[in-house]
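The structure appears below as structure tokens.
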Amino acid sequence: MTPHDSDAVPTPDTAAVMRDLWSPNAQRTTEAFDLGSALADAGRVSLELIDSARRVQSQSPTKPLAAILLGMGADEDAVMSILAAGSGLEYVAPASEDVDEETLGTLGIEYCKSRGFIPVYSGGRLCIATTDALDIRTLDEVRAALGGRIVQQVVATPTAIERLLDDAVPETGDEFDLQQLLVDAAEGGVEIVQDEDDDEVDDGSASPIVRYVNHVIQTAAREGASDIHIEPSESAVKIRFRIDGVLYEMMSPPRRMLASMTSRIKIMASLDIAERRLPQDGRIRLQVFGRPLDLRVSTAPTPHGEKTVMRLLDNRSIQVPLGDLGFHDTTLDAWRSEIAKPHGILLVTGPTGSGKTTTLYASMQELDTQQLNVSTVEDPVEYQLRGITQMQTHERIGLTFASSLRTLLRQDPDVIMIGEIRDHETATIAIQAALTGHLVLSTLHTNDAPSSVTRLINIGIEPFLVAGAVNGILAQRLMRRVCKKCAAAKPVTAEAAEILGRYSMSLETMMEGVGCDSCRQTGLSGRLGIHEMLLLDDSLRDRIAGNPSVNELRTQCCAAGMTTLREDGLRKVAAGQTTLSEVLRVTTDD
């Protein structure tokens, strides 16, 4: 039965509607109710069974007595009817024609199963038939999901609810039509989807919104996206994927779907669907195309609704050998030599999304974890590394980078990786660890390698300590590669020749992608790194101890033979790996 069935659903009069609006739960009793005593008085359940159930409940006080009795074999009809009467609720035995299929589709079958209820019509009113008379939380969530619609609570047996939910599972084909899915979502007036405990993306076993969110995640995983942006505007919603570091608009669902999509994602990430005024962060673990995938979810309020960004963390992307990250042979040999040293600080610097974590993880995987104690402090632990002890910080409980680092130093470490040096305290402990015989790997957010030295000094570390503790600094960026499937040699333009001439380079042709389906007609597919490697020798250490300016230090580093980011990028242009426009996009003029 649906709300559109005017013959079967009597229209409530005005007084009844107003009564529900002002006091929808007026039928509940406020007196204490003892289910066990009520069942014993009615003679519906034996005293022995009730006593046994109470003993079990004393060991599990959060489990309802009704659930315990049913688990022990008590008569469902007896237990649930007495529970309903004692709670001031109506006891029903719903049939398939009583189920509100429209509301069920909006909420999602999986959510209803997880909470143990089903939406039905009873007495001409929308109700949720539940097995838990005290489940006010679910009732409130359903009301919020339906836009404040009046929903009452009734009680039914678990068997009846499970049977109706099983019968309501729709038959689906091997593929689902996205356009038809959008039509279904619009026609159904979908506002919100409720579903919990998702372990994997399921292709179409629940409501249209559930299937659409699954489709978005699957498409992002298939395209190799690192981030999903769901961005609302006044009259539309844009879904953009960050692929190879660049955002592409991929989908534009109807504006009416925004609230439902956001709620669905919040439920998957165990966030508060009722809180729309404050930012929230969460995590979703999924199985997509048979492989594990972690999504870091962030929501932020905007004037036109909540914007949601999901970062896709795929373990396959972190399992990249150090030699496949785009290092020049000379730089790679120097970096491997540095990570083999027994003590000192090695820094990887660059902006967010420049591949610093990938480089550090690839470096640690080259260490001999059988003979070395390798530990990390991260916020958060994005990927699990075999043979390495990883700690995650929790600022709210006082587990900061500094306190975690102090703990690790008491764990007899050989190598320590710090997710980021953010403050004076963390930097001080890292310096002390390096000077006392530990190899410390960490990151900084600076634009180039020489800036990292002055950054540490500005944090509050004495220049002579920086000079004595830091062994090397690796600045890096990520650039898009020329698509291998459509690459072609093209003559160098006069403008490009002028830019190359500034760096004493001359080329007749450069490789560029023509554009194909594999690279989305961009001519670029995949990414590689460019690197600026600064190794501290005695002369540079003496110069750093004198607290030089950034420009002075950079000039001396270049004079000592440091290859800058742009110079390394141009070497990759000459090798046909990337384009000049990509180098100019991610680097600044030296």
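What you are looking at is a predicted structure, and each value in this text was computed from that prediction instead of being measured.
- Taking the side chain as every heavy atom from C-beta outward, Leu104 and Cys112 approach each other to under 4.5 Å.
- Remark: Asp227 engages Arg311 in a salt bridge, criterion side-chain N to carboxylate O under 4.0 Å.
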Review point. Given the rule in the side-chain contact (heavy atoms from CB on, under 4.5 Å) test, do Arg264 and Val210 qualify, once you have shown the distances and angles that lead to the verdict?
Key: CA-CA 7 Å; Arg264 165 64 179 168; Val210 174; 3.5 Å; yes

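- Between Leu385 and Gln390 the shortest side-chain heavy-atom distance falls below 4.5 Å.
- Listed by chain and number, the residues in a salt bridge (Lys or Arg N to Asp or Glu O under 4.0 Å) with Glu378 amount to none (sequence neighbours excluded).
- In summary, Glu223 and Arg520 engage in a salt bridge, as defined by a charged side-chain N under 4.0 Å from a carboxylate O.
- Looking at every heavy atom in both residues, Leu478 comes nearest to Ser354 through CG-O, 3.4 Å.
- In terms of modelled atom types and a separation under 3.5 Å, the side chain of Thr522 and the main chain of Leu524 share a donor-acceptor contact.
- A donor atom on one side chain and an acceptor atom on the other are found under 3.5 Å apart for Glu141 and Tyr111.
- Note that the OG1 atom of Thr376 and the CE atom of Met364 stand 6.0 Å from one another [nearest 0.5 Å].
- Between Glu425 and Arg406 there is a salt bridge, since at least one side-chain N of the basic residue sits less than 4.0 Å from a carboxylate O of the acidic one.
- Shown here for Ala402 and Ile429, the closest heavy-atom pair between the two residues is O-CD1, 3.6 Å.
- Taking 4.5 Å as the limit, every side-chain heavy atom of Asp75 sits out of range of all side-chain heavy atoms of Val45.
- At a cut-off of 3.5 Å, with distance as the only test, no side-chain donor of Arg242 or Ser226 sits close to an acceptor on the other residue.
- Scanning all heavy atoms of the two residues, the minimum distance from Glu306 to Leu258 falls at O-CD1, 4.0 Å.
- Judged purely by atom type and a 3.5 angstrom limit, Thr262 has no side-chain atom pairing as donor or acceptor with the backbone of Ala259.
- The shortest distance between side-chain heavy atoms of Arg137 and Arg115 falls below 4.5 Å.
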Exercise for review: Go through the steps for Val154 and Leu89 under the test side-chain contact (heavy atoms from CB on, under 4.5 Å), then give the verdict.
Suggested key: CA-CA 6 Å; Val154 295; Leu89 299 175; 5.8 Å; no

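- Panel note: side chain Gln153, backbone Asp132; a donor-acceptor pair is recorded below 3.5 Å.
- Other residues, nucleotides and ligands contribute at most 12 non-hydrogen atoms within 6.0 Å of the CG atom of Asp517.
- Side-chain atoms of Glu420 and Ser442 form no donor-acceptor pair, as typed in the model, at a separation below 3.5 Å.
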**Study point:** side-chain contact (heavy atoms from CB on, under 4.5 Å) between Thr389 and Gln411, intermediate numbers included
**Key:** CA-CA 10 Å; Thr389 302; Gln411 296 277 315; over 6 Å; no

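- Closest of all the heavy-atom pairs between Ala42 and Ile82 is CB-CD1, 4.1 Å.
- Taken to the nearest 0.5 Å, the CG atom of Leu35 stands 5.0 Å off from the CG atom of Leu65.
- In this structure, OG on Ser122 lies 12.5 Å from CD1 on Ile128, to the nearest 0.5 angstrom.
- Annotation for Val79 and Leu39: closest pair CA-CD2, 4.0 Å, computed over non-hydrogen atoms.
- Ser375 contributes no side-chain N or O that, together with a main-chain N or O of Ile416, makes up a donor-acceptor pair within less than 3.5 Å.
- Closest of all the heavy-atom pairs between Ile273 and Ser263 is CG2-O, 3.9 Å.
- A salt bridge is absent between Arg240 and Glu249: the closest approach of a Lys/Arg side-chain nitrogen to an acidic carboxylate oxygen does not fall below 4.0 angstrom.
- Side-chain atoms of Ser404 and Thr407 form no donor-acceptor pair, as typed in the model, at a separation below 3.5 Å.
- A donor-acceptor pair under 3.5 Å is absent between the side-chain atoms of Ser37 and the main chain of Asp34, judged by distance alone.
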Practice item. Walk me through it: do Leu399 and Met391 pass the test side-chain contact (heavy atoms from CB on, under 4.5 Å)? Key: CA-CA 10 Å; Leu399 189 61; Met391 287 183 64; 4.3 Å; yes

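- Side chains of Asp135 and Thr130: no donor on one and acceptor on the other come within 3.5 Å.
- Side chains of Asp379 and Phe401 form a contact here, defined as non-hydrogen atoms less than 4.5 Å apart.
- To the nearest 0.5 Å, atom CD1 of residue Ile118 and atom CD of residue Glu101 are 9.5 Å apart.
- No side-chain heavy atom of Thr369 sits under 4.5 Å from any side-chain heavy atom of Arg386.
- By the 4.5 Å heavy-atom criterion applied to side chains, Pro253 and Ile239 are counted as neighbours.
- A donor-acceptor pair under 3.5 Å is absent between the side-chain atoms of Glu395 and the main chain of Ile397, judged by distance alone.
- Using a 4.0 Å cut-off between charged side-chain N and carboxylate O, Arg255 and Glu234 make no salt bridge.
- No salt bridge links Asp100 with Arg125; every basic N to acidic carboxylate O contact stays at or beyond 4.0 Å.
- One finds the CD1 atom of Ile230 at 9.5 Å from the CE atom of Met257 (value rounded to the nearest 0.5 Å).
- Ion pairing between Glu162 and Lys113 fails under the 4.0 Å rule for side-chain N and carboxylate O.
- Side-chain contact between Ile265 and Val297: present, with at least one pair of heavy atoms (C-beta onward) separated by less than 4.5 Å.
- A donor-acceptor contact shorter than 3.5 Å is absent between the side chain of Ser87 and the backbone of Ala84.
- Checked by atom type and distance alone, the side chain of Lys266 never pairs as donor or acceptor with a backbone atom of Gly282 at under 3.5 Å.
- Between Asp77 and Arg44, at least one side-chain nitrogen of the basic residue sits less than 4.0 Å from a carboxylate oxygen of the acidic one, meeting the salt-bridge criterion.
- For the residue pair Ser58 and Arg55, no side-chain donor N or O sits within less than 3.5 Å of a side-chain acceptor on the partner.
- To the nearest 0.5 angstrom, Met80 atom CE is 10.5 Å from Leu69 atom CG.
- Between the side chain of Lys356 and the main chain of Gly350, a donor-acceptor pair closer than 3.5 Å is present.
- Between Asp294 and Arg283, at least one side-chain nitrogen of the basic residue sits less than 4.0 Å from a carboxylate oxygen of the acidic one, meeting the salt-bridge criterion.
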